Amino acid sequence: LKSRAWLAAAALLVALPGVLRDVSVVFWKQGRLVTSRVDDRFAGIAAKLPAGERVGFVTDDGPASGRYLDVLYALAPRIVVPGVDARYVVADVSDPRQIESIAERWGLRVVARISPAVALLERR
Amino acid sequence: LIALALAAAFLCGLALAPGAGGAIAGLGLSGAMWSAGLLLFGLTGAWSDGALLLLGAAIWWSRGPRLAPAAKERLPHLLLAAFLVLAAIVSALFVEHSIRYPDGGWDARAIWNLRARGLYGAPDRLAEVFSPDLPAQHSDYPLLLPGLIAHFWFAAGARAPLVPIAISAAFAIAGVVLLERATSAQRGRLTGFCAALLLLGTPDFLTLAWNQYADLKLAVMLLLAVVLATEGRYAAAGLVAGLVAFTKNEGLLEAGALLVAVLVRAGPRQAARLVLGALAPLALLAYFKLRWAPPNDLIASTSLADVAHRAPGRIGMVGRGFLEQLIDFGHWGCALAAIAAAWVVRWPRRERGHLAPLFAALVLPAFFTIYLVTPLDVRLHLESSLDRLLFQLWPSMLYACALALLPSAPHPR
């Protein structure tokens, strides 16, 4: 019985740091509780696109930012491919001032500005 | 339709295994059955629930319902209280994080929920869902989890974010309960609660649950397969191992390791029963891979000559990666180190002949080999995936440790 009590104490001792780590992640690192939905950032884009058409994607950010992934996820099941070859291109940028210069550089025009950093562009 | 889907899943699962094991098997079968209907016949409706009900009825009729044995051993109040407090904390954190990020973590959005959105949004355009133009989205990954999510979205009539969250919660809760019940059945309730406590206290358990990753689902289904095989129910273990293979690519490797463990511990006749049990999900997996899935990016970019060239030079680096996990499994978790120390201390007095430790011992070198041959940058590959691979084995390892390292509990008077 004594060894079983030791087992319980040891299990608790080993489990506790893990749970404390979980608590620390949520309460000390995450900040205020706000729901963040990927779909909200790209709301309205899908309705402006022809059914089944592939969409391009362009950004001023690196791949680690996950911006491409977010567009792909929000517009699924539509296929979104990086680049500006498609007729329609979604731009999601870290610097909102880049939208116009990106459009200009690639011969695109802004169809809809979803937010300062997100726009739907179309080939001219 | 949601009630029908839930009833079909749980009734069929409970015909296979009691309690939490039944819930896990039922959810897995529900995802696989729905995926089979879509891939083979283009069906998305409630037919798969009807088929599950029929399957469950057939199993109940032939074998009778599986009821969980009533536990008799009394637990120390302090341990029970500690377990309940930790479970409440972990549950609260899960809810909090799910409110904050309902879409899940990176892999959930890049692979599992993305694929589910594809199946739900374009069930008649599967070539687009499994497009080879999106290699980073691993379109070749098996469909159990996306199929299960899409099935419940169809049942709900909307792409509700609550569905993948609830599925993740169901697998997590059922996994903890299954580990506790299965270990209790073999080594007494106190040991069972200790094992469940260690699982709850593994940071990756919560992280993988709230991120809605497939690794947690795979881990608890793998535990169920190991438990069923340990209890001598080889055909049922085979069926669940087949579901494991239909969840993630490495599940096939784990199912193979279970087959070898059964072959060694129980002989070729029981191994054949395991294979028979696994046939249906493996056939579905083969059909998916041959008909729909694009080539796997790792296999497509690997040749035997490359492997022979790079593998020997990586042994040290991969070994270091495994050692780092021993110290910091799942970020701050010290349970793996504690379990490893327990093996060293109790090695001379271990109970031999168990299937579960052999299974774990077979899978670990296979995981090691994956990193020796990977065409990716091995350091990045280790950093991004080793903790999740080890977690897939973690509940089974806890179960194996209880069986091999702790003597049977005395029978209650």
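Chain letters run A, B, ... following the sequence lines, proteins first and then strands; every chain starts at 1. This structure is a prediction, so every number in the text was calculated from the model and none was measured.
Taken from SG in B:Cys334 to CG in A:Leu13, the straight-line distance is 7.5 Å, to the nearest 0.5 Å. We find the CD-CG distance between B:Gln137 and A:Leu69 to be 6.0 Å, quoted to the nearest 0.5 Å. Atom CG of A:Leu7 sits about 12.0 Å away from atom CZ of B:Arg187, to the nearest 0.5 Å. In this structure, CG in A:Leu16 is found 8.0 Å from CD1 in B:Ile89, a value given to the nearest 0.5 Å.
Using a 4.5 Å cut-off on side-chain heavy atoms (C-beta onward), A:Asp39 and B:Arg159 make contact. Counting only heavy atoms from C-beta outward, the side chains of B:Arg125 and A:Pro77 approach each other to under 4.5 Å.
Residues B:Leu114 and A:Tyr73 approach most closely at CD1-CA, 3.7 Å, considering heavy atoms. The two residues B:Arg100 and A:Arg32 make their nearest non-hydrogen contact at NH1-O, 2.8 Å. Counting all heavy atoms, side chain and backbone alike, A:Arg37 lies closest to B:Pro102 at CG-CG, 3.7 Å. When every heavy atom of B:Leu134 is checked against every heavy atom of A:Val80, the shortest pair comes out as CD2-O, 3.6 Å. The shortest non-hydrogen separation linking A:Val38 to B:Asp103 is N-OD2, 2.9 Å. Between B:Pro203 and A:Asp22 the shortest heavy-atom distance is CA-OD1, 3.6 Å.
With a 4.5 Å cut-off on non-hydrogen atoms, B:Val129 does not touch chain A at all. Of the atoms belonging to B:Leu197, heavy atoms from both backbone and side chain fall under 4.5 Å from chain A. At a 4.5 Å heavy-atom cutoff, the contact between B:Ala110 and chain A is made by backbone and side-chain atoms alike. At a 4.5 Å heavy-atom cutoff, the contact between B:Ile99 and chain A is made by backbone and side-chain atoms alike.
When each of B:Leu206, B:Leu200, B:Leu78, B:Leu406 is checked for heavy-atom pairs under 4.5 Å with chain A, B:Leu206 comes out on top. Between chain B and the residues A:Ala11, A:Ala76, A:Gly66, the most heavy-atom pairs under 4.5 angstrom are made by A:Ala11. Of all the listed residues (B:Leu79, B:Leu86, B:Leu119, B:Val90), the one sharing the greatest number of non-hydrogen pairs under 4.5 Å with chain A is B:Leu86.
Taking a 6.0 Å sphere around CH2 of A:Trp106, one finds it holds 12 or fewer heavy atoms contributed by other residues, nucleotides or ligands. Heavy-atom contacts from other residues, nucleotides or ligands closer than 6.0 Å to CZ of A:Arg97 number 12 or fewer. Annotation: B:Arg379, atom CZ; neighbour count of heavy atoms from other residues, nucleotides and ligands within 6.0 Å does not exceed 12.
Residues of residues 44-59 of chain A placed with any heavy atom under 4.5 Å of a heavy atom in chain B are listed by number as A:Arg54.
Using a cut-off of 4.0 Å between Lys/Arg side-chain N and Asp/Glu carboxylate O, A:Arg21 and B:Asp204 are scored as not salt-bridged.
Within the 3.5 Å criterion, the main-chain N or O of B:Tyr101 finds no donor-acceptor partner in the side chain of A:Ser36.
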